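Naming convention: chains lettered A, B, ... in sequence-line order (proteins, then strands); numbering from 1 in each chain. No experiment lies behind these values; they were computed from the predicted model shown.
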Amino acid sequence: MTIYSPSEIEPKWQAVWADAETFRAVRSDDKPKYYVLEMFPYPSGNLHIGHVRNYTMGDVIARYKLATGHNVLHPMGWDAFGMPAENAAMASGGHPKDWTYANIAHMKSQMQPLGLSLDWTREFATCDPEYYGQQQALFIDFLEKGLIYRKKAVVNWDPVDMTVLANEQVIDGKGWRSGADVEKRELVQWFFKISDYSEELLAALDALDDWPAKVKLMQSNWIGMSRGIEIRFERTDGDDPIICYSTRPDTMRGASFIAVAPDHPVATTLVADNPNLAAFVDECRKMDTTEAAMEKAEKKGIDTGIRVKHPVYAEQELPVWIGNFVLMDYGTGAVFGCPAHDQRDLDFARKYDLPVRNAFYMPGEEVEVSTEALVPSKTEPVVFIDHFAGIKDVTSQEAIDATIDYFEAKGLGKGQTQFRLRDWGLSRQRYWGCPIPIVHCDDCGAVPETKENLPIRLPDDVSFDIPGNPLDRHPTWRDCACPKCGKAAKRETDTMDTFVDSSWYFARFTAPHAATPTDIEDAAYWMNVDQYIGGIEHAILHLLYSRFFARAMRMTGHLPQGTEEPFNALFTQGMVTHEIYKTTGDDGRPVYHFPSDVINGTLADGTKVDIIPSAKMSKSKKNVVDPDDILEKYGADTARWFVLSDSPPERDVEWTASGAEAAHKHLARVYRIAQDVMSSEGGDPIEDVNLMRAMHKTILDATNGVESFGFNATIAKLYGFTAVLAKSKASRSAKQEATRTLAQLMSPMTPHLSEEIWSLLGGEGLIANAPWPVADETMLVEDTVTLPVQINGKRKSEIEVPADAAKDAVEAQAMADETVRKHLDGATPKKVIVVPGRIVNIVI
RNA sequence: GCCCGCGUGGUGGAAUGGUAGACACAGGAGACUUAAAAUCUCCAGGCAGAAAUGCCGUGCCGGUUCGAGUCCGGCCGCGGGUACCA
C-alpha cells in the first residue's frame, strides 16, 4: 500500500501534461470549440484563496469540456496596470514595472502548482508593450470612427500633493496621503461614446439567456432608460428659457421651484457678480464626487432671484434655485421640483419654505401632502386635480403619456428618452497605464499617432519620490514630432483607465501574438467566450465596458461581423471574505493588519486589534489569505477539492482554515480504495448490480452538477458514492470499473490524483483525454418508491408503492396505512392530494 | 441615499412549491492498538420524555397555497456596486 503523496504525484502529472501539450489550444474543425475564461488577476503580489476558487471553477469546466469532446481554449494573463504599483513605488522606492513583473512571476509560481489546464503559450500582461501597443491602435481606430471624443470633466485634486486622486483615495473629503481638503479641478479628458450604445446594450441583455438574472437587472438599472420630457420654462426677465427634464410631468400642477446644477450655465453666469452664489457654488464644488456621497449629502440650495413662468399656469411664477443635488450630466442639468410627489423635493421645500401643492390625490383620500410625499406607483389609479389635459381618474403612467402629448401639441416641450448611462471617461493622470497615443501640436491640435510609431512605450527612467504623474515632469519623453505637420510637439501624458485593458483581453487571447489587435480568423473561430467566470463585484462596470468594446471592435473591424456579445454564458462566483483587523495609527488614521499577524485578537507586541466584520479580501484592508500553506501541506488536489466542496460557488464564503484536513483525508481514502481494488476478492452478482446502479446514478448527478455549477453538491454525491464503493462486496472487475469512473468524475476537481488512479487501474492514455462517462438510464429505473404521507401538511408516515402506481391505488394505500388510520381516528378526509412519485397529503 | 444580492443546527452548507438539516467540519460514544496516531462503526436541530412519541423550528411580521426555506407584501441585519480600487 502506497501512502497518498501529492508532492510526488502532482509534479509528475503536470510534467506529463506539459510534455504532451494536453492543454495547448489549436484551431481545428473536427471538434466543437469551447472557450472558457476566468477573469484574469491583478498582480497584487500574492495569489489569494479567492483566485484559487475562481480558477478551480474554470478549470473544472475546461477539463469537463475537454472530456466531453470539445476543442478547449483556456488561457491566462495579467491585468497588470493600476494604482497599487505606483503606490508601492512611492512607499518603497522601487519601480512599478519591476514591482509588477516580480509579482507576476511570484503569482505564476503559486498558480502553476495548482495544475490548471491552461494554455500558457497565450499568456500576456496588459503592461507588455506588445499588448498596450495594440490597445493604442484600437484607440486610434475608435477615435477615427467617432467612438472617442474630448470634453471637460471634473477630477479630485489634492492641493498639497499636487495630484489627481481616485475616489478611493479621498477619505471624508480629504486626501489619503496629505490629509488636505480635496478640491475639484476641471480637465479636458477623453471619453468613449458608450452612450451611443445605451439602447443596444440594454436591449441585447434579453438575449443573454445564460447570464445571471441579477447581473442583467443590475446592468439594466445602470443603463437606466426612462421616458420623460424636456419642458421649456420662460424666464420673466426675457433671458433664454430654462429647459428642465422630467420623468414625472404628470406632477406639473405641483411644480413650485426650478433647481439647476451648480455648474449649469445659468449658475455659472450669475456667479461672476454675486458673491453669495459664488460661495455656494464653491461649496458644492468641494463635495465628494461619488454618487453615494452626493445622494447622502444634505440637500442644499440657494435662490438665484431668477423667476420663470409655469408653462401651463402662466400666472404662477416659480423661483430658480441652484441645488447641490442636481447633476449636470443627467438630462438637461435642470429640474422642476414638485414637493407634493417627491420626498427629496418635499424636504427641500420645507427647509426653504417653498409651496407644497398636490397634483393628484389617492382615490377617496383628498388630503394635501404634509410631511410625507405622495408617491404612488405608476400603475396605481389616482385622482388628478383639474389636469390641464382634462384627465382625472387615471394611472400616473397614463397621465405622463397624456401630459407629454399635450406639451408636444402646444409646443411647450418634447418627449425624450433619457439614459442614466454616462460616457466613459478614460483619461487618467497617472504613469502606470497605457499611454494615450495622442500628440498635441500648436498648429494641428490633438493628433493621433501614426500606427507605425506604436507602441508608444512608457519611459523607464521615472521617479516616484514625489506624488503626481512622472510623465508630466519627464525631461524628454513628451517631446516628439507632430504626426501631421512634422513640427515639434508634445505627447499627451495621460494614460488610459485600466478598465480599458480588461475590456478586450479576451479577444487578444484568441491571437495573442498577432501584429494587429486581433487576427480576424482566430477571433472568428474562438469567439465568443463560451463561459466567463468571475466575481460579482464586476457585475456592472467591467462587463458593461467589455460589451461596449465588443461592439466597438466589430465596428472597427477587429471582431467579425455578427459578434454581438463577448460572453455567451456568465457565472458570477461569490467572494471569499475575511475579517479585517485594525488599529489606530499615531496620526489617528486606521492601520490594517494581515490575518497572519494577528493571533487571538492581538499583534505580536501585544497590541489589541479591532475586529471589523468580514468583507471582500482586498489588499488595502489587508484581510487577504494566501493559499501557500494549504498547497504546501496538502497539495493542489486537496486545495481544489476543498475550495469547491464547502460552499455554493455563487455565494460569498468566509474563509476558515479548518476543513482542508478533511478534504485531504478523503482524497487519501480514495487512493487507498483504488489500491485495495486490485487485491480484492470474490464478488456477488447482486452486489455488482447495486454498485453499478449507484455508479450510474452518480454519473448522472455529477454530470448535472458540473453542468450547473453545483460543485459543492456534486462533491457531496461523490462522497456518498465513495462510501458505497468502500463497503461494496462486488467483484473485482465491477469495483475496478466503479473506481475508474469515480476517478473520472473527480478528475475535473482533482486531476492529479485521478490520473494516478487511472494509470494504476489500467486506464487507457490520460484521464484528461478520456471520454466522460455516460449514465446508463436503464440502470436508474426504480421499481418502487417511498412516498411521505402528510396529514394537513405535516408528515406523519410513509408508504412504499410501485413506481408506476395509479393515483387511486396510492390514495387507497395511504388511507390503509396504520399510522395514518391512527391519526385520522375515523375521520373522513376533506381532500386527498396525491402527487405521483412525490407525496400524499390528506386534508381533514 | 439608490440599484442588486444574501440570511437554514455549534460551524460550512443540502433541499424542480412536496419527508427541512443531505454531505462535511467541530463534538460525543465505541472498535482496533501496550499506548498514541491512522483507520473503521455508531450518535447528534431545540424543548419535554426512560422510550414510543409529541410540540417547536429556515432573520422578523403578514399573505397566497392542500402544502412555503422556496412565491408575494412589509420590516430588520449583513454584503456587493455606486462610474478614478480592481
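For the pair A:Q189 CD and B:A83 C1', the computed distance is 13 Å after rounding to whole Å. Spacing between atom CZ of A:F81 and atom P of B:C84 amounts to 18 Å, rounded to whole angstrom units. Remark: C1' of B:G1 and NZ of A:K296 are 7 Å apart, rounded to the nearest angstrom. A:Y545 has its OH atom 12 Å from the C1' atom of B:G81, to the nearest Å. When the P atom of B:C84 is taken as reference, atom CH2 of A:W176 falls 17 Å away, rounded to whole Å. Atom OH in A:Y330 sits about 16 Å away from atom P in B:C2, given to the nearest Å. Computed from coordinates, the A:F711 CZ to B:G12 C1' distance equals 18 Å when rounded to whole Å. The CD atom of A:E86 sits 13 Å away from the C1' atom of B:C85 (whole-angstrom rounding).
Counting non-hydrogen atoms under 4.0 angstrom, A:Q429 reaches a base of the nucleic acid. Residue A:G720 is classed as having no contact, given no heavy-atom separation below 4.0 Å to the nucleic acid. Using a 4.0 Å heavy-atom cutoff across all strands shown, A:S427 reaches at least one base atom of the nucleic acid. Counting non-hydrogen atoms under 4.0 angstrom, A:K214 reaches the backbone sugars and phosphates but no base. Nucleic acid contact for A:H538: base, since at least one base atom lies under 4.0 Å from a heavy atom of the residue. If you check every strand for non-hydrogen atoms under 4.0 Å, A:V840 touches nothing. Among the protein residues, A:A539 comes within range of no part of the nucleic acid, since none of its heavy atoms lies under 4.0 Å from any strand. Within the nucleic acid shown, A:L718 has no heavy atom closer than 4.0 Å to any nucleic acid atom. Within the 4.0 angstrom heavy-atom criterion, no nucleotide atom of any strand lies near A:Q343. A:P648 comes within 4.0 angstrom of the backbone, heavy atoms only, and of no base.
Here the separation of B:A22 from B:U58, taken at their C1' atoms, is 15 Å to the nearest Å. Rounded to whole Å, the separation between the C1' atoms of B:C42 and B:G49 comes to 23 Å. Distance noted for atom P between B:G63 and B:G69: 15 Å (whole Å). The gap from the P atom of B:G57 to that of B:G13 amounts to 24 Å, rounded to the nearest Å. Between B:G45 and B:G9, the two C1' atoms lie 5 Å apart (nearest whole Å). Rounded to the nearest Å, the gap between the P atom of B:A20 and that of B:C56 is 13 Å.
Using the Watson-Crick or G-U wobble rule with both distances under 3.5 Å, B:G45 pairs with B:C56. Under the Watson-Crick or G-U wobble criterion, with both distances below 3.5 Å, B:C2 is paired with B:G81. When Watson-Crick and G-U wobble pairs are counted only if both distances are under 3.5 Å, B:U34 pairs with no nucleotide at all. Across the strands present, B:A24 finds its partner in B:U11; the criterion is a Watson-Crick or G-U wobble pair with both atom distances under 3.5 angstrom. Nucleotide B:G69 has no partner under the Watson-Crick or G-U criteria, as no pair reaches both atom distances under 3.5 Å. When Watson-Crick and G-U wobble pairs are counted only if both distances are under 3.5 Å, B:U19 pairs with no nucleotide at all.
Here the options are A:Y545, A:W190, A:Y197, the test is ring-ring contact (aromatic ring centres under 6.0 Å, His included), and the partner is A:W424; only A:Y545 passes. Of the candidates A:L201, A:D423, A:I223, A:S195 forms a side-chain contact (heavy atoms from CB on, under 4.5 Å) with just one, namely A:D423. Of the options A:W99, A:Y42, A:W432, a ring-ring contact (aromatic ring centres under 6.0 Å, His included) to A:F81 is made by A:W432 and by none of the others. The only member of A:Q219, A:M218, A:H538 that meets side-chain contact (heavy atoms from CB on, under 4.5 Å) when paired with A:L544 is A:Q219.
Of the possible donor and acceptor atoms, none in the side chain of A:Q418 sits under 3.5 Å from a partner among the backbone N and O of A:Y330. In this structure, A:K216 contributes its side chain and A:L208 its backbone to a donor-acceptor pair below 3.5 Å.
Nearest nucleotide to the side chain of A:R430, out of B:U19, B:C84, B:A83: B:C84. Nearest nucleotide to the A:L541 side chain, out of B:U82, B:G13, B:A20: B:U82. For A:F499, the side-chain atoms get nearest to B:A86 when compared with the rest of B:A83, B:A86, B:C84. Nearest to the side chain of A:N156, among B:A83, B:A86, B:C84, sits B:C84. When the nucleotides B:U82, B:C84, B:C85 are ranked by their closest atom to the side chain of A:E291, B:U82 comes out on top. Among B:A83, B:C25, B:C4, the nucleotide with an atom closest to any side-chain atom of A:L217 is B:C4.
Against the 90° criterion about 0, the sugar-base torsion of B:G80 places it in the anti range.
A:K633 NZ: 12 or fewer foreign heavy atoms inside a 6.0 Å radius. Counting non-hydrogen atoms of other residues, nucleotides and ligands closer than 6.0 Å to NZ of A:K151 gives a total above 12.
Donor-acceptor pairing under 3.5 Å is lacking for the side chains of A:Y532 and A:W211. Defined by atom type and a distance below 3.5 Å, a donor-acceptor pair is missing between the side-chain atoms of A:D158 and A:T163.
The pair A:R420-A:E291 counts as a salt bridge, with a side-chain nitrogen and a carboxylate oxygen less than 4.0 angstrom apart. Between A:D676 and A:R672 there is no salt bridge, since no side-chain N of the basic residue sits under 4.0 Å from a carboxylate O of the acidic one.
For the pair A:R651 and B:C6, the criterion of a side-chain N or O lying under 4.0 Å from OP1 or OP2 is not met. Close to B:A86, at under 4.0 Å from its OP1 or OP2, lies a side-chain N or O of A:T498.
If you look at A:Y131 and A:Y505, their ring centroids are not closer than 6.0 Å.
Contact of the A:T126 side chain with the A:C434 side chain is not registered, since no non-hydrogen atoms from C-beta on lie closer than 4.5 Å. Counting only heavy atoms from C-beta outward, the side chains of A:P6 and A:Y634 never approach each other to under 4.5 Å.
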Set out, line by line, the N/O atom pairs under 3.5 Å between protein and nucleotides 54-57 of chain B.
unit_1 : atom_1 : unit_2 : atom_2 : d
B:G54  : OP1    : A:H823 : NE2    : 3.4
B:C56  : OP2    : A:K794 : NZ     : 3.1

Anything under 3.5 Å between a protein N or O and an N or O of nucleotides 64-69 of chain B, put it in a table, one pair a line.
unit_1 : atom_1 : unit_2 : atom_2 : d
B:C66  : O2'    : A:N841 : ND2    : 3.2
B:C66  : O2     : A:N841 : ND2    : 2.6

Please list, pair by pair, any protein nitrogen or oxygen found under 3.5 Å from a nitrogen or oxygen in nucleotides 38-45 of chain B.
unit_1 : atom_1 : unit_2 : atom_2 : d
B:U39  : O3'    : A:R672 : NH2    : 3.4
B:C40  : OP1    : A:R669 : NE     : 3.0

